Amino acid sequence: MPEAFRKTAGRRSIGGHMMMEATSLGLGTAWISYFDEDKARELLKIPENWQPVCMLYIGYPADDYKPNENLSTKRKPLEETCFWNEIPKE
C-alpha cells in the first residue's frame with residue numbers, strides 16, 4: 001500500500017462518516033478531492049502541519065431534487081459485488 005494512501009486512510013474514513021451523518025440529518029453532501037491546496041490553505045487559514053485531504057460541501061437539497069436515475073437505479077445486485085471467502089469463478 002502506498003505511504004500517502006496509508007497516511008490519509010483514517011481521515012478519508014472520517015469524511016465518509018461525516019457524509020453519512022449529514023444525510024441522516026436531511027443534508028446533502030459532495031466529496032471534493034481535487035482542489036488547489038495552496039488556495040485552500042490561504043482562504044481557510046489551514047496550518048502547514050495539517051494535510052487537507054478533501055473538502056465536503058454540505059447543505060440542504062433543493063425542494064425539487066431527484067437522484068440521478070442512472071446512478072441510483074442501475075446498481076448490481078449485492079450478490080454480484082460482495083462475496084464470502086472467495087471470488088466466484090466465472
Side-chain angles (χ1 to χ4, degrees):
M1 179 182 307
E3 183 66 22
F5 182 84
R6 196 174 20 250
K7 284 183 175 181
T8 62
R11 290 174 253 174
R12 288 191 313 272
S13 175
I14 291 168
H17 285 279
M18 290 172 67
M19 293 175 79
M20 289 187 286
E21 180 64 21
T23 300
S24 76
L25 296 171
L27 298 166
T29 63
W31 179 287
I32 309 299
S33 59
Y34 183 76
F35 56 92
D36 184 322
E37 189 175 321
D38 292 332
K39 284 185 182 178
R41 284 185 183 286
E42 181 182 339
L43 289 170
L44 301 172
K45 310 275 190 274
I46 300 172
E48 284 298 318
N49 62 331
W50 285 37
Q51 176 65 50
V53 175
C54 71
M55 293 187 182
L56 297 179
Y57 292 174
I58 301 174
Y60 291 97
D63 291 335
D64 60 350
Y65 168 76
K66 293 181 185 153
N68 182 329
E69 291 181 18
N70 292 323
L71 299 175
S72 60
T73 61
K74 295 185 178 184
R75 294 183 178 176
K76 291 183 177 185
L78 191 61
E79 300 80 34
E80 290 183 30
T81 60
C82 294
F83 311 107
W84 181 256
N85 290 333
E86 64 181 44
I87 298 172
K89 296 176 175 58
E90 291 186 41

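Owing to the predicted nature of the structure, the values given are computational and were not obtained by experimental measurement.
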Report task. Kindly give the heavy-atom pair with the smallest separation between Trp31 and Gly16, and that separation in Å. Result ->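 Minimum heavy-atom contact is CZ3-N, 3.8 Å.
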
Query raised in the report: What pair of heavy atoms forms the shortest contact from Asp36 to Asp38, and how long is it?
Result: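 The pair with the smallest heavy-atom distance is OD1-N, 3.0 Å.
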
Query raised in the report: Mind checking whether Phe83 and Leu78 sit in one hydrophobic cluster, side chains of I, L, V, M, F, W, Y counted as touching below 4.5 Å?
Result: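 Per the 4.5 Å side-chain linkage, Phe83 and Leu78 are not co-clustered.
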
Query - Co-membership, hydrophobic cluster, residues Tyr60 and Tyr65, 4.5 Å side-chain - result: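 Cluster IDs for Tyr60 and Tyr65 differ.
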
Query raised in the report: For Asp63, does the CG atom have more than 12 heavy-atom neighbours from other residues, nucleotides or ligands under 6.0 Å away?
Result: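 No.
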
Query raised in the report: Quick check: are there more than 12 heavy atoms from other residues, nucleotides or ligands sitting under 6.0 Å from CD of Glu42?
Result: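 Open.
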
Requested in this report: Apply salt bridge (charged side-chain N to carboxylate O under 4.0 Å, His left out) to Glu37 and list each qualifying residue two or more places apart in sequence or on a separate chain.
Outcome: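 Arg41.
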
Requested in this report: To the nearest 0.5 angstrom, please state how far the CE atom of Met55 sits from the CG atom of Leu44.
Outcome: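 One gets 5.5 Å once the value is rounded to the nearest 0.5 Å.
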
Donor-acceptor list for residues 18-29 side chains, cut-off 3.5 Å, not counting sequence neighbours:
{"unit_1": "Thr23", "atom_1": "OG1", "unit_2": "Met19", "atom_2": "O", "d": "3.0"}
{"unit_1": "Ser24", "atom_1": "OG", "unit_2": "Glu21", "atom_2": "O", "d": "2.7"}

